[in-house]
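Only one structure is covered here, and it is reproduced in the block below.
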Amino acid sequence: MQIRTPLTVITGPLGSGKTTLLRHILETVPKKIAILMNEFGEIAIDAKIIQGKNVQIADLGGGCVCCSLLGEFEAAVDEIIASVDPEHLIVETTGVAEPDALVFDIQESLPKVRLDGVVTVIDADSLVKYPSVGHTTRIQIEAADIILLNKIDLISEKELEVVEDKLHSINEIASILRSHRGKVDLDLLFGIGRERVQPPPHHVHQPEFESFSYNTSATINRPCFEEFVNSLEPNVYRAKGFVRFSDGIYLFNFVAGRWDLERFEQEATELVFIGKQVKEQKLEIIELLKKCEQ
Ligand SMILES: Nc1nc2c(ncn2[C@@H]2O[C@H](COP(=O)(O)OP(=O)(O)OP(=O)(O)O)[C@@H](O)[C@H]2O)c(=O)[nH]1
């Protein structure tokens with residue numbers, strides 16, 4: 001009998017720390033891991049962030065792994081198992097994906113894999129700032145075997161307890177693990193052996209978020225870029241990508257007004273902006289960025 005490859009789904013809202021967790025896993029776990037990811041946005045930034053590690057990445061393209069993409073997903077799982085023969089397969093969904101259809105499909109239609117568990121990464125800071133849990137985030141929390149309560153450095157102990165109570169009220173079965181930059185004991189994330197069966201999903205598609213991208217081969221003036229970032233309107237919830245300054249290329253990450261830059265080996269500036277009705281600001285944002293080109 002063929003042994004089924006254990007599969008972990010990593011899900012969670014935009015910018016909650018899924019890629020950060022993946023980077024931690026890849027630095028720490030000695031197993032041969034294959035990663036399947038799909039991204040929301042026109043360019044695949046996350047795949048580039050974790051490229052080059054001992055992993056095989058299959059990018060499933062934009063949108064969410066949901067009803068319309070399940071055929072492609074099943075084909076990608078078969079292909080990655082045939083070509084890499086991983087000891088463990090990880091699927092990272094986009095922040096806007098509802099994972100219930102995916103979990104159902106893994107349990108029902110994928111004979112080569114066994115769903116080990118669903119890990120939902122939650123941004124503790126964001127849950128304090130925006131306490132009302134949206135439809136997609138709720139489904140992500142409900143699907144979890146483990147909730148990784150990330151970014152605990154940004155909130156107080158008291159706030160953490162409130163957030164944990166809220167998460168428990170949505171999913172009382174999942175264990176909640178607190179983490180800073182995805183650093184948790186990884187033995188707790190793998191080998192869950194999920195037994196809970198996912199009921200068929202009832203999808204209500206709510207394309208809440210839009211995205212657009214910007215590429216340039218020009219060098220960007222850093223003070224001008226920083227001023228631009230600080231002027232972004234609150235509906236720009238997430239932005240990410242690479243920026244070339246005069247001293248090299250940086251990975252840029254922006255989530256709900258907080259942002260950082262990290263030196264990163266890449267070729268050129270490419271940025272994705274994500275938010276509600278963000279396309280209405282596309283021309284204005286690109287014009288501001290062009291002013292920073294030098
Ligand atoms: N302060 C703080 N920042 C964190 C922590 N974990 C991640 N971040 C930052 O949060 C931002 C988003 O992290 P990612 O790992 O890219 O988030 P993601 O969930 O993969 O984002 P999407 O794929 O766009 O949904 C980055 O700037 C990270 O450096 C944490 O524990 N504390």
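In each ligand, atom 1 is the first atom listed, and ligand 1 is the first ligand listed. Just the heavy atoms: all of them, side chains too, but no hydrogens, waters or symmetry mates, feed the values below. Just so you know, these numbers come straight off a predicted model, no measurement behind them.
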Proximity to ligand 1 by part of [X], non-hydrogen separation under 4.0 Å:
| X | answer |
| --- | --- |
| T19 | both |
| R238 | side chain |
| D153 | side chain |
| K240 | side chain |
| D260 | side chain |

Kindly identify the option in [options] whose heavy atom sits closest to [atom].
| atom | options | answer |
| --- | --- | --- |
| atom 5 (C) of ligand 1 | H24, K151, K18, R178 | K151 |
| atom 7 (C) of ligand 1 | T20, D125, V121 | T20 |
| atom 30 (C) of ligand 1 | M37, R23, R181 | R181 |

> Should S16 be listed as contacting ligand 1, given a heavy-atom distance under 4.0 Å as the test?
Replying inline: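 It does, in that a heavy atom of S16 comes within the 4.0 Å cut-off of ligand 1.
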
> Picking from I146, I35, I25, what satisfies side chain to side chain contact (heavy atoms under 4.5 Å, CB included) with I10?
Replying inline: I25

> Given R194, which of V118, T8, L7 fulfils the side chain to side chain contact (heavy atoms under 4.5 Å, CB included) condition?
Replying inline: V118

> Does F273 have its ring centroid less than 6.0 Å away from the ring centroid of F212?
Replying inline: yes

> What about the rings of F252 and F242, do their centers lie closer together than 6.0 Å?
Replying inline: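 Judged by ring-centre distance (under 6.0 Å), F252 and F242 do not meet the cut-off.
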
Close-contact set for ligand 1 against [X] heavy atoms, below 4.0 Å:
| X | answer |
| --- | --- |
| H180 | 30 (C), 31 (O), 32 (N) |
| V255 | 11 (C), 12 (C) |
| N253 | 16 (O), 26 (C), 27 (O) |
| L14 | 25 (O) |

>> Out of the candidates R181, R23, K240, only one should pair with E262 under the salt bridge (Lys or Arg N to Asp or Glu O under 4.0 Å) rule; please name it.
In response: R23

> Is E265 atom CD crowded by more than 12 heavy atoms from other residues, nucleotides or ligands, each under 6.0 Å away?
Replying inline: no

>> With nothing but distance in play, are any N or O atoms of G15 less than 3.5 Å from an N or O of ligand 1?
In response: yes

> Got an N/O contact under 3.5 Å between L154 and ligand 1?
Replying inline: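 So ligand 1 has no N or O lying under 3.5 Å from an N or O of L154.
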
> Should D125 and R258 count as an ion pair when the cut-off is N to O under 4.0 Å?
Replying inline: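 Answer for the salt bridge query: yes.
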
> Taking the six-membered ring of F190, is NZ or CZ of K31 closer than 6.0 Å to its centre and within 45° of its axis?
Replying inline: yes

>> So if I apply the side chain to side chain donor-acceptor pair (under 3.5 Å) rule between S179 and each of T20, D153, N150, D185, which one comes out positive?
In response: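 Answer to the side chain to side chain donor-acceptor pair (under 3.5 Å) test with S179 among T20, D153, N150, D185: N150.
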
> Any idea which heavy atoms bring G12 and K18 closest together, and the distance?
Replying inline: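 Answer, listing the atom of G12 first, then K18: O-NZ, 2.9 Å.
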
